[in-house]
Amino acid sequence: MEEGIQNREHGEPVCLSYDRDIPEDLLETLAGKLKLKDSELLTPGGRYHLLRDLMKFPAIRPELENFNPAPIAHPAVQPNSSIFQVIKKQDILLNYPYHTFNHLIDFLREAAIDPHVERICITLYRTADHSKVINALVNAVKNGKEVIVLLELLARFDEEQNIENSERLQREGIKIVHGIPDIKVHSKLVLVEHRGKAAQREFVYVGTGNFNESTARIYGDFGLFTSNPQIVADTRAVFDFLQNTHKHFKCKQLLVAPYYMRDQFTDLIRKETAIAAKGKEAFIYAKFNSLTDERIVRLLYEASQAGVQIRLIIRGSCTLQPGIPGLSEDIKVISIVDKYLEHARLIIFHQGGKNKMFIGSADWMTRNLDRRVEVATPILNKNIKKTLLDFFEIQWSDNVKARIQDKEGKNLYVKAGTAKPVRSQEALYEYYKKLYEYYKNMTKERE
């Protein structure tokens, strides 16, 4: 990886993107020096092309920036209290950036200092420049904990940062695992092995986004804390496999790619299709960054033809064509692009009223299902299920920043008409704020 990064400085040029107002003679000179004579290799554009760098653009004119309200604490997590004690009693769902990422940092910090914690396992992919996550792991190993980090080096444009993290963590005595040849580890997992006086107690965090406190302020993601014994056992099996790839493993709750996830989602879609074929209520609601896997798309077409109501919120690429008579007339697709990057993955199957739900790191793309280690977790807590249904309905009702993805590919904004304007990202903040205030008032009444 280090050699590859160094070779980037000496690679052969493949194309030239340039400001379309550049003087012609300067363009000819640049193209000649780079030996790019084919006009197809020259791409005219605006003045600035590396738009990714705008994320780090300094705040020169604050009045021109989006106003992002302060993240909300989860109502079950009280200040200066043990987050472990909360997770023992109930599962906790966080929805960034509406909820504070500090809960995850506090979870890792508590694991670092708790005398009963023996081991911490985590998958890292992209971290912040001055990562509090990394600092917590370093403190843990200094406090005598065994810390195992599955560090995926291959992360576009972040490889250098990942190599620096790897070297630092190894210097501190942390065990680094660099993944599996030809398969990227893209899952977002933490396992804390905690052995108390009464019995062994372990905790798991499964997320849809990176362990990065910087992007957590502008990326919409989910994270689940749980101590469910089956999910804990599944997570331990995943980490054992990542360290010993010859081991065979099977999970009771977690969906793991590239081994079982595709077949499990296929089975769930087919079950929903069979329910609809009997004339019963059936739906599939899903939210992804992209939907491009051909086999999944065909299954959704079949489900639609059987009468399954399908609602999809796809931020980016979507190869499924909705609204085609006889093929996909019961499929509707919208895309939401707003001040926060929609990055969460959520899948809801009606399943005869059981509402089977999953959050995870994988999009329905071939690369995620077949060439990456991805993990999705079921949602078992009924209150969290209700929250996620509410979340989906709020986003589905967006008529300010949502666009309709139709068969013509026009991507026009949803028309509000006479309906009340709903900007889902602002509505979600108010939703979580009300939840916090409700539970806070309930606590006061009990006291």
Kindly indicate, with the supporting measurements, whether the criterion ring-ring contact (aromatic ring centres under 6.0 Å, His included) is fulfilled by Y260 and F249. CA-CA 10 Å; Y260 313 110; F249 72 100; 5.7 Å; yes

Taking atom CD as the centre, does E408 end up with more than 12 heavy-atom neighbours from other residues, nucleotides or ligands that are less than 6.0 angstrom away? yes

Strictly under 6.0 Å, is that where the ring centroids of Y125 and F211 end up? no

Please say whether more than 12 non-hydrogen atoms of neighbouring residues, nucleotides or ligands are located less than 6.0 Å from NZ in K339. yes

Begin with the C-alpha distance, continue with both residues' side-chain angles, and end with the deciding distance and a verdict on side chain to side chain contact (heavy atoms under 4.5 Å, CB included) for W364 and T292. CA-CA 6 Å; W364 276 352; T292 60; over 6 Å; no

Provide the closest heavy-atom pair for A276 versus G307 in the form atom of the first, atom of the second, distance. CB-C, 3.8 Å

SB check E302 R270 (cutoff 4.0 Å): no

Could you tell me which non-hydrogen atom of I183 sits nearest to which non-hydrogen atom of P258, and how far apart they are? CD1-CG, 4.2 Å

What I want to find out is whether R119 reaches E193 closely enough, with some N-O distance under 4.0 Å, to be called a salt bridge. yes

Could you walk me through whether F203 and F225 satisfy the ring-ring contact (aromatic ring centres under 6.0 Å, His included) test, starting with their C-alpha distance in whole Å, then the side-chain angles of each, then the deciding distance to 0.1 Å, before giving a yes or no? CA-CA 7 Å; F203 306 99; F225 287 114; 9.1 Å; no

Considering the options R201, K88, E202, which one meets the side chain to side chain donor-acceptor pair (under 3.5 Å) requirement together with S227? R201

For the residue pair F392 and Y285, categorise the inter-ring angle as parallel (less than 30°), tilted (30 to 60°) or perpendicular (more than 60°). parallel

Just wondering, do L346 and F288 contact through their side chains at under 4.5 Å, heavy atoms? no

Tell me whether the centres of the aromatic rings in Y432 and F391 are closer together than 6.0 Å. no

Enclosure of K132 NZ (heavy-atom neighbours >12, cutoff 6.0 Å): no

May I ask you to check whether Y205 and F107 place their ring centers less than 6.0 Å from one another? no

Rounded to the nearest 0.5 Å, how far apart are OG of S424 and CG of N399? 9.5 Å

Is R423 salt-bridged to D398, cutoff N-O under 4.0 Å? no

Gap between atom NZ of K271 and atom CG of D267 - 0.5 Å precision: 4.5 Å

I296 side chain near T366 side chain, heavy-atom distance below 4.5 Å: no

In this structure, CD1 of I394 is separated from CG of L428 (nearest 0.5 Å) by 4.5 Å

Nearest non-hydrogen partners of I284 and F349, listed with the distance: CG1-CD2, 3.8 Å

Below 4.0 angstrom, N of the basic side chain to O of the carboxylate: do K434 and E430 qualify? no

Output yes when a side-chain donor or acceptor of T100 lies under 3.5 Å from a complementary backbone atom of N102, and no otherwise. yes

Could you tell me if Q425 and E342 have a donor-acceptor pair between their side chains, going purely by distance under 3.5 Å? yes

Step-by-step side chain to side chain donor-acceptor pair (under 3.5 Å) determination, D91 to T226: CA-CA 5 Å; D91 290 355; T226 183; 2.8 Å; yes

Restricting to non-hydrogen atoms, name the atom on T273 and the atom on V308 that form the minimum distance, rounded to 0.1 Å. CA-CG2, 3.8 Å

Tell me whether the guanidinium CZ or amine NZ of R403 lies under 6.0 angstrom from the six-membered ring centre of Y413 and within 45° of its axis. yes

Salt-bridged, E374 to K188, with N to O below 4.0 Å? no

How about Y96 and Y219: are their ring centroids closer than 6.0 Å? no

In terms of side-chain geometry, is the basic nitrogen of D293 or R262 positioned less than 4.0 Å from the acidic oxygen of its partner? yes

Would you call the rings of F283 and H350 parallel, tilted or perpendicular if under 30° counts as parallel and over 60° as perpendicular? tilted

Nearest heavy-atom pair of A76 and Q90: which atoms, and what distance? CB-NE2, 3.8 Å

Mind checking whether N135 and L108 have side chains closer than 4.5 Å, heavy atoms only? no

Just how far is it from atom CG of L42 to atom CG of L16, taken to the nearest 0.5 Å? 6.0 Å

V147 versus L137, closest heavy-atom pair with distance: CG2-O, 3.9 Å

Between D338 (side chain only) and Y340 (backbone N and O only), is there a donor and an acceptor less than 3.5 Å apart? no

Run the side chain to side chain contact (heavy atoms under 4.5 Å, CB included) check on I359 and L388 step by step: do they pass? CA-CA 10 Å; I359 63 167; L388 287 174; 4.3 Å; yes

What distance separates L254 CG from Q264 CD, expressed to the nearest 0.5 Å? 9.5 Å

Distance-only polar pair, side chains of R315 and N289, donor-acceptor under 3.5 Å: yes

Between L255 and F265, does a side chain to side chain contact (heavy atoms under 4.5 Å, CB included) hold up when you go through it step by step? CA-CA 9 Å; L255 279 58; F265 277 136; 3.7 Å; yes

Side chains of S290 and D363: is there a donor and an acceptor less than 3.5 Å apart? no

Report yes or no: does Y301 contribute a side-chain atom to a donor-acceptor pair with the main-chain N or O of Q321 at less than 3.5 Å? yes

Go through L312 and I310 one step at a time and tell me if the side chain to side chain contact (heavy atoms under 4.5 Å, CB included) criterion holds. CA-CA 7 Å; L312 303 171; I310 301 175; 3.8 Å; yes

Flag if over 12 foreign heavy atoms under 6.0 Å of NZ, K332: no

Going by the angle between their ring planes, with limits at 30° and 60°, are Y429 and Y98 parallel, tilted or perpendicular? tilted

Exercise: do Q243 and K175 side chains pair donor with acceptor under 3.5 Å: yes

Less than 4.0 angstrom from a charged side-chain N to a carboxylate O is my criterion; do D234 and K252 meet it? no

Looking at F358 versus F222, is the centre-to-centre ring distance below 6.0 Å? no

Side chain proximity check, L341 to I218, heavy atoms < 4.5 angstrom: no

Has T235 got a side-chain atom pairing as donor or acceptor with V204's backbone, closer than 3.5 angstrom? no

Does a salt bridge link R236 with D240, judged by any charged N lying under 4.0 Å from a carboxylate O? no

